[in-house]
K.L.:
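Pasting a structure below so you can have a look.
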Amino acid sequence: MAHHFGVIRFPGSNCDDDALHIVDTVLADRGSTGEFLWHKETSLGQVDALVVPGGFSYGDYLRAGAMAAHAPIMEAVIAFAKSGGPVVGICNGFQILCEAGLLEGALTRNESLRFICKDIFCRIEGRPTPFSKSLPAGRHVGMPIAHAEGCYRHPDVERLEGESQVIFRYCDAEGGVTAEANPNGSINNIAGICNAAGNVVGLMPHPERACETVLGAGGVAGLALFESVLETLSSGATR
Amino acid sequence: MKAKVYVTLKSGVLDPQGQAVGRTLGKLGYEGVKGVRIGKFVEIELEVDDPKLAEEQVTKMCDELIANTVMENYRVEID
Amino acid sequence: MKAKVYVTLKSGVLDPQGQAVGRTLGKLGYEGVKGVRIGKFVEIELEVDDPKLAEEQVTKMCDELIANTVMENYRVEID
Amino acid sequence: MIQHGPKVDAALASEHGLAADEYEKLCDGLGRDPSYTELGVVSVMWSEHCSYKSSRIHLKTLPSDGPQVIEGPGENAGVVDIGDGQAVVFKMESHNHPSFLEPYQGAATGVGGICRDVFTMGARPIAIADCLRFGNTEHERTSYLLHGVVAGVGDYGNCFGVPNVTGDVVFDDSYNGNILVNAFCLGLAKSDRIFRGYASGVGNPILYVGAKTGRDGIHGATMASAEFAEGSDEKRPAVQVGDPFMEKLLLEACLELMEEDVLVGIQDMGAAGLTSCSVEMAARAGSGVELHLENVPMREEGMTPYELMLSESQERMLMVVTKGKEQKALDIFAKWDLDAAVVGEVTESGKVIVKMHKEVYADLPATLLAEGLKYDRPRKRPDYLDEVAYLTLDSVADPTNLGQTLLEMLAAPNICDKSWVFEQYDHMVRHGTVVRPGQASSGVVRVFEPESGRSKGVAIAAGCNSRHVYLAPYEGSRLAVASAYADLVAVGATPLATTDCLNFGNPEKPGIMWQFAESIRGIGDACRLLETPIVSGNVSLYNETDGEAIKPTPMIGMVGLLDDIDQVVTAGFKEAGHRIAVVGTLAGGLGGSEYLKHCHGIEEGAPVAFDMAKHSKVFAAMLEMTKAKILSSAEDVSDGGLLCCISECCLGGEALGANISLPVLEGRLDELCFGEGPARFLVSYTDENAASVARMASGCGVGLLEIGCVGGRELRVSVGGELRLDEPIDALARAFHYTFERIS
Ligand SMILES: Nc1ncnc2c1ncn2[C@@H]1O[C@H](COP(=O)(O)OP(=O)(O)O)[C@@H](O)[C@H]1O
Ligand SMILES: [Mg+2]
C-alpha cells in the first residue's frame, strides 16, 4: 500500500532534502512516497504523515523554531495533528512543534553553549507512537545529533514522565542513562517526546541521517522510525 | 514611538550562558561577582503615537513571538 | 549591589536577528513596525557596596568581555 | 570633470592607499583628475586584494590546463569535469584580517563569501572545508580567537546547510599576532550549465539581489574626509556581520533562477562589492555598464554613491538578465522574500558609468580598472634560511621511554584529536557525507549520477605544513601539494585538480617576495608533475604584526574522484587479526618534523623531498589497491610520523590495539618512530587479501613491509625483537583526546 509523506519546507530548512530522500527514495520499495510542502501554503493536500525537518527555519534568529511556528502552513499542520495524523519533528522540527504548542516544553541552548554534531545513543521508551512502535521499548539505538539548542526544559517534567510521553532518552553505548551520555543538558536526558494523544513526536537526534550504511553513521537505526510509520499507516491505526 | 522589551529567563530556569560569563569574569580576576544572568534587550520602532496602544501591541507581540513564556518573562517599556 | 548592562549593536552594524523578527512581525499582521534591533540585557550581582566602584568595575568587565566594542555599545546602570 | 565630494589630489589618493605613481597613472589613463567616487572605485580595484598587483606575474606561471578542466582561474571559482555530465566547482579563500578583529563574524563571513563564489557559478555547495592557524596555545588571545573562529565557521555553514567535511588546525608562534582563516567550498553543477560573470548583451538589465546595502566595511582610510563630518565612525562599521539565513535564501533563489532561461551573467558581491562586480563583469564581456544607484536597496538613509560603490555588505549578488525577462527573475526572488531591483543596464561603451538621480558620479573605462597594476617586486633569499638549513642532532637524545614520548606527541596541539573543533560543524547535513572529519585525512561526499542513480564520491583534502615551507620554501610547497595528493589517495580517490590560498607577509620586503615566488614555483612544479592543475585560488599578503611575518603558508586544497563510492577507505583499523603494513619507505626524516619542534623545540633542517619518480609509484600502488577494494584501512603517514599514525589508526575506529614489530634499528629510534616524509601509507588488510596487496605493490615497484597486526587492548611496539613500547589503548586515547579541553 502506498503511503505519502509531506515534508514541510520553511525558508532555512536544510534537512528537508535528507528527509525527502528517505521517504521518497530509500523507502520507495516499501511503498513510501513524499513531497515538499511550501511554508506559504495553507493546505496540505493528500498526505498520510508529516515530517517537520531540521535546519534553521527563518535563520532561527530569535529562538529556534519561534518564527516557523507562525508560518501560514502551520494552521494546517495543527489541524492535521489534532485529527490524529502522524507528525514527526526532527531537530529544528521538534523545536518548531514545541513553539507551535503541539508539543510541551521548550528547547534551549546546549549547556556547553556549543553546536554539537556527533553520534549518540538513545533508548526507546514510553508509550508506543507511530514513530517508535516497531522498536521494542528499552532498546537503544545509535543516531547522530546536530544542534545548538537541544537542551530540553519542561516546567512539570514529572507529569510528562508520568504520562509516558518521553519517547527517546540519551544513553551510553550500553544503554545506561548517565550524565556523561547527555550531550546537551536536557532534563532527565530527554531526547524526544510525544504529545498527549501520542501521534505527534519530536526528537533532537536525526533518524534520517542513520538510514544508509554508506553514510558512515555506523548504522541504519533511523530506518526503523520511518518503517514504523509505514506499518502504522498500513494497519490503518490512525485517523 | 519606541518600545523597549526586556526578556529574562524565569527565576528557576538555568542560564548556562550567564554562568559561563560569570566563570570567565572570575578567571579574569573580578572577585565579587555573585551571579550573572543574560537576557535579551529588544528595541522596537513603532508608527503608533499612542503609548497605551503601543504597549498593548508590544505586549501581544511578546506573547505571540518575542518571548517563550514557558521559560521567559518579559517587561515592556514605552518611550 | 546589582548592575544592569544593555549591550546594543552600533548603529551601522547589520542586525540579522532584528531584521528577521521585524519581518515576521509584519507577516503576523503587526503593521506599524518600522524597525527591530536586538541586543543583550545582562544582570550582574556584585558583592561591592559602593555604586561608583561597582560602575567602574562593570565598565571594565564590559570592555574586556561582555561587549565587543568593535561592533557593540553598552550602557551600565547600577541599582 | 565630475564635481562631487571633496577635491581629489595626490594627498587624498595616498590616504586611499594609492602611491604617487599609481595616482599619476590614473590621471594619465583618464586624461583628467578623477572625481571623489572614482577615486574610491579605483583605489579598491587597484588594491592588492583586488588587483593581485604583487602576485600576478607569479600566478601566471601556475599550470591551469588539463582535459578535466572546464574553467580555470579568472572566474569566481574553478570548474572540473567529473563525468556523467557533472562538474565540481571549488575555490579556497582567506578571511584572516577580519577574523583577527572580530573572530566570530570574520570567520562566518569568510565561509559565506566562499560559498557565494561557488553557487554564483551554478553549483549547489555540497562541502565546506576550513584551514585555521592560531598562535601558541599559551598566548593570551589564542583561546578567545579559537572559540570565536570555530563558532563562526560552524554557525555559518550549519545554518546555510552545507557539511564541513575536512580541514586542519595548527598552532604556531608565528600566528600570535596574525591568525589565518581559510575557507574552502565545493559545489556540484551540471557541466553544461555553468554560469559566469559576464555583463553581455547591450540593453540587458542589471539586477541587484539579496541583502540591502549598508555602510559595512568601507575603506578605513577615507573615513576622516570632510564629506562625512556628520557620519560618525559608528556608521561605518569595520566589521561585516554575516546573515547565513539570507544566504540560504539567495542560494535557493539563484539555483531556481538558473533553471530558467533568463540569466546572462552573475557574480557575487565580495570584496569591493558593487565596484568590483560591475567592473569585472563588464571587463570580461568587453562591454560597459551604467548603474543607477538610487535603485539599490539601502539599509541606511543618506548613503552616497561613494559609499554604495564601496560597501562590502554581505549576501548580495549582481546579475544580468535577458531584456524582457526580468519579471520572471523578480517573481522568483519574491517567492524567496528577497529584495531585488533593476539597478542598471549593459552598454557598449566599455565604460562603467555610475549615476544617482541622473547625475554622473563616475565615468571610468572598465579595462583600466580591471587590468589594474602589475609589479615585479624585488626578491632576495632571506638570511634566516642559512641559520635553519643544517640540523644537528648532537644535543637531541634518542627517547629512552618511547611510550612516554608517544603520549607526549599524541597530546601535542598539532597532533591531537580535533573533535572539539569539528563537532561544532554539522558534517552530515545533505545526506552525502561518507567520510567525515576525524575518519581520514580527506573528507568524502557522495554524488549521485543523475541517469543511473549510481553513486560516486568526491574527496577533498586541504592543508599545508608551513614549517616545511618556512624551512624550504620551494621544497616545502612541493610537499604541501604531495601531501594533499596523498590524503586523497589514502581514501581511494584519484586526484583531479587543485586550488590554493597563499598566505604570506609583506610583499614589499624582498625576503617575503622571494618566499612567495619560490613557493609558487614549487606548487607549480608539483602540480605539473602530478597533473593536478590549479583551477582557482586566492592570495593574502601583508600577514604580519609589528613587522613579524607569519610562516609562509600556501594552503593547498585538492579534489579527487572515486568512481565507485564503495571503494572508499578510512583510517581506523577495522578488526582484530587484520595485517598492518607500510606502503612506501618505512622511515622518514627528522628535518622540520613535529617531533623535533614539540619535544625539543627545534625548527631546523630540510624536510625529506618529494621525488616524483619514486613517490608516484607509491601513489599508483595505493590507487590500484583501493580500486580493488582489498584494503580495510589506509592512512598517509604525515605529521608525527609512523607511531602517531599507528596510534591514530588504533583510535580512529573501534579503539583496537596493535602488535607492531619493526626491523632492526639502523639509524635513530626517534627517526624511525616519528620521522616524516612524503608518500608513505599505513594500511591494514585481511589474510585473504594479503597476497593481492603484495602483488600490486611489487607490480608497481613499491616497497611493502608488513609490520604487525591489529588486536588486543594495547599498542605494543618492538624494534629488532626488543619490546620498546607497551601502552594501553585507553592511555593513548586520554593523551589524544584531552588537549583541547585544556587549551580551549
Ligand atoms: N593563488 C592563485 N592561484 C590561482 N588563481 C588565483 C590565485 N589567486 C587568485 N586566483 C584567481 O584570481 C581570481 C580572483 O580571485 P579573488 O579576488 O579571490 O575572487 P573574489 O573576487 O571572489 O574575491 C579568481 O578567479 C581566482 O581563482
Ligand atoms: Mg568572487
Side-chain angles (χ1 to χ4, degrees), chain A residues 9-22 25-26 28 36 38-40 53-62 64 67-68 71 91-92 110 112-120 143-149 173 183 205-206 208-218 222, chain D residues 124 126 147 150-151 153-164 242-249 251-253 335-338 419-440 443-446 448 453 455 457 565-566 568 570 572 653-654 744:
Chain A
R9 188 173 225 198
F10 298 99
S13 292
N14 62 30
C15 307
D16 46 353
D17 273 321
D18 310 38
L20 188 68
H21 173 68
I22 304 304
T25 306
V26 176
F36 285 134
W38 185 236
H39 68 117
K40 286 181 186 170
F56 289 74
S57 52
Y58 300 88
D60 270 0
Y61 281 128
L62 185 62
M67 291 185 258
C91 196
N92 192 223
N110 296 348
S112 68
L113 302 175
R114 295 195 295 269
F115 184 97
I116 174 147
C117 177
K118 66 172 185 184
D119 291 332
I120 51 90
M143 279 192 266
I145 53 166
H147 60 250
E149 298 180 45
H206 283 275
E208 83 283 17
R209 295 185 183 188
C211 290
E212 296 173 277
T213 38
V214 65
L215 295 189
Chain D
R124 177 180 283 282
I126 59 168
H147 273 88
V150 171
V153 169
D155 285 0
Y156 204 102
N158 297 343
C159 182
F160 186 52
V162 180
N164 186 314
D243 182 351
F245 171 59
M246 175 72 77
E247 179 136 319
K248 168 79 174 160
L249 301 184
L251 163 72
E252 299 299 341
K335 172 185 165 189
W336 290 96
D337 295 326
L338 287 165
S419 52
W420 184 91
V421 175
F422 60 73
E423 279 180 6
Q424 295 186 56
Y425 307 152
D426 191 336
H427 41 255
M428 303 178 226
V429 63
R430 298 203 58 78
H431 60 91
T433 308
V434 172
V435 177
R436 27 164 130 165
Q439 289 186 322
V444 179
V445 180
R446 164 177 71 178
F448 290 116
S455 11
I565 196 64
D566 290 333
V568 76
T570 55
E654 302 291 313
S744 69

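Every chain is numbered from 1 and lettered A, B, ... according to where its sequence line falls, protein lines coming before strand lines.
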K.L.:
With a 4.5 Å limit on heavy-atom distance, are the side chains of I120(A) and P205(A) in contact?
P.N.:
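Side-chain contact under 4.5 Å: yes.
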K.L.:
Is there a side-chain contact between V434(D) and L215(A) in this structure, where contact means two heavy atoms from C-beta onward sitting under 4.5 Å apart?
P.N.:
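Side chain of V434(D) against side chain of L215(A), heavy atoms only: contact under 4.5 Å found.
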K.L.:
Within the structure provided, determine whether D119(A) and M428(D) are in side-chain contact (heavy-atom separation under 4.5 Å).
P.N.:
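Contact flag for D119(A)/M428(D) side chains = yes.
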K.L.:
When you compare the side chain of I126(D) with that of V162(D), does any pair of heavy atoms fall below 4.5 Å?
P.N.:
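Side-chain contact under 4.5 Å: no.
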K.L.:
Need one label for Y61(A): side chain, backbone, both or neither, based on atoms under 4.5 Å from any heavy atom in chain D.
P.N.:
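Only the side chain of Y61(A) comes within 4.5 Å of chain D.
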K.L.:
If I measure from the heavy atoms of chain D, does S13(A) come under 4.5 Å with its side chain, its backbone, both, or neither?
P.N.:
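Just the backbone, heavy atoms under 4.5 Å.
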K.L.:
Looking at chain A, which one of D337(D), I565(D), V435(D) has the largest number of heavy-atom pairs inside 4.5 Å, strictly under?
P.N.:
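Option with the top pair count is D337(D).
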K.L.:
Do you know which of Y425(D), F422(D), W420(D) has the most heavy-atom pairs under 4.5 Å to chain A?
P.N.:
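Result: the option with the highest number of such pairs is W420(D).
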K.L.:
Using the ring centroid of each side chain, check whether H21(A) and F448(D) are separated by less than 6.0 Å.
P.N.:
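Yes, the ring centres sit under 6.0 Å apart.
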K.L.:
Heavy-atom distances under 4.5 Å only: say whether R430(D) touches chain A with side chain, backbone, both or neither.
P.N.:
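It is both, since atoms from each part get that close.
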K.L.:
Find the one option among K40(A), K118(A), R114(A) whose heavy-atom pairs under 4.5 Å with chain D are most numerous.
P.N.:
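Counting heavy-atom pairs under 4.5 Å, the top option is R114(A).
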K.L.:
A side-chain contact here means heavy atoms from C-beta on lying under 4.5 Å apart; do V444(D) and T570(D) qualify?
P.N.:
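They are not in contact (no side-chain heavy atoms under 4.5 Å apart), so the answer is no.
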K.L.:
Looking at chain A, which one of Q424(D), H427(D), K248(D) has the largest number of heavy-atom pairs inside 4.5 Å, strictly under?
P.N.:
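Maximum pair count with chain A is reached by Q424(D).
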